[in-house]
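All chains are named by letter (A, B, ...) in the order of the sequence lines, taking the proteins before the strands, and each is independently numbered beginning at 1.
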Amino acid sequence: MVLEPINYSFFQQPTLSLARALLGKLLVKETELGMASGWIVETEAYLGPEDRAAHSFENRRTKRTEIMFGPPGYAYTYVMHTHCLVNVVSGEIGCPQAVLIRALEPCCGIDLMYQRRGKEKKERELTNGPGKLTKSLGIVKEDYGRALFKYPLFIAEGKEIESVGVGPRIGITNSREAVHYPWRFWVQENPFVSSKNSSRIRKSLVNQLLS
DNA sequence: CGCAGGATCCGCT
DNA sequence: GCGGATCCTGCGA
């Protein structure tokens, strides 16, 4: 399968709009072991300065957040415990925003994904979480700052989405008012969406009430 | 230089 | 559902 990176202009749109537009697109990574890709089925927008859940809240500018202050269309990777997570940098220069890729539906290189994640895994477990999908595709922290519009790591056209679900983001329990912002987007009825049950959301709402 | 705190995952209950 | 694994990063002393 020959895949062509998307046009750069795709990244030049407001972050919430980009987060929705990424649904259905392909995320592709080529390594020495081969190519693996998946359709994006779940994203979260992080809106920078005014978003308490964002690493760039209040324009916090460090070595880690630096890439978000540059132009859109580059990879922001970082390590969470033992896992690597990948974001698409969004927003104009000086506006540090990003879209977290939370889940994929495997497309090509599925054998490679099993090899990386473990043969005993169910197909759904290959890519139904932000740390799982990076492992399946071979995306690592060294991909930090890489362009997402050319090989070996890029976004490509995928398929049309029928309907989009919208709701609060996952795992940001200490972000006060930002806990409620409906900035998570997913493909309705898609089994690869990371958190089907809303227990973690309920938990975050409870924490909100208690604080 | 030490330490606290996660945009997670997995295994066990 | 819950807790532990185990890794940076960022901040303050």
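- Remark: C1' of C:dG10 and CZ of A:F57 are 16 Å apart, rounded to the nearest angstrom.
- Separating the NZ atom of A:K122 from the P atom of B:dC10 is a distance of 12 Å, rounded to the nearest angstrom.
- Shown here for A:L26 and A:S37, the closest heavy-atom pair between the two residues is CD2-OG, 4.0 Å.
- A distance-only check finds no donor-acceptor pair linking the side chain of A:N87 to the backbone of A:A98 [under 3.5 Å].
- Contact record, A:S136 with A:A36: O-CB, 4.2 Å, taken as the closest heavy-atom pair.
- Checking C:dG10, B:dG6, C:dC7 against every side-chain atom of A:V79, the shortest atom distance belongs to C:dC7.
- The side chain of A:R169 places no N or O atom within less than 4.0 Å of a non-bridging phosphate oxygen (OP1 or OP2) of B:dT8.
- Geometrically, A:R124 does not engage A:F192 in a cation-pi contact, judged by NZ or CZ lying under 6.0 Å from the ring centre and within 45° of the ring axis.
- Within 4.0 Å (heavy atoms only), A:R61 reaches no atom of the nucleic acid at all.
- Comparing C:dA5, B:dC9, B:dA7 by their nearest atom to the side chain of A:H81 picks out C:dA5.
- The pair A:E44-A:R169 does not count as a salt bridge, with every side-chain nitrogen at least 4.0 angstrom from each carboxylate oxygen.
- Nearest heavy-atom pair across A:V179 and A:T173 is CG2-O, 4.0 Å.
- For A:H55 and B:dA7, the shortest distance from a side-chain N or O to OP1 or OP2 is below 4.0 Å.
- No option in A:V89, A:I6, A:V99 other than A:I6 meets the side-chain contact (heavy atoms from CB on, under 4.5 Å) test with A:F11.
- Phosphate contact (OP1/OP2 of B:dC9, side-chain N/O of A:R117, threshold under 4.0 Å): absent.
- When rounded to the nearest whole Å, the span between CE of A:M80 and P of B:dA7 equals 5 Å.
- One atom, NZ of A:K135, and another, C1' of C:dC7, lie 15 Å apart when rounded to the nearest Å.
- Across the protein-nucleic acid pair, A:F185 atom CZ and B:dA7 atom P stand 19 Å apart, rounded to whole Å.
- Of the charged side-chain nitrogens involved, at least one lies within less than 4.0 Å of a carboxylate oxygen, so that A:K25 and A:E157 count as a salt-bridged pair.
- With a cut-off of 3.5 Å on both pairing distances, the Watson-Crick and G-U wobble pairs of DNA chain C assemble into stems of 3 or more at B:1-6 with C:7-12, B:8-12 with C:1-5.
- Note on A:N174: a side-chain N or O is less than 4.0 Å away from OP1 or OP2 of B:dG6.
- For A:N87, counting side-chain heavy atoms from C-beta on, the closest listed nucleotide (C:dG10, B:dA7, B:dC10) is B:dA7.
- Rounded to whole Å, atom P of C:dT9 lies 14 Å from atom CG of A:L85.
- At C:dC11, one or more side-chain N or O atoms of A:R60 fall inside 4.0 Å of OP1 or OP2 (strictly under the cut-off).
- Rounded to whole Å, the distance from NZ on A:K121 to P on B:dG11 is 6 Å.
- Atom CG in A:L126 sits about 11 Å away from atom P in B:dC10, given to the nearest Å.
- Two residues, A:H83 and A:K141, neighbour DNA chain C, and the one matched to the more 5' nucleotide by heavy-atom proximity is A:H83.
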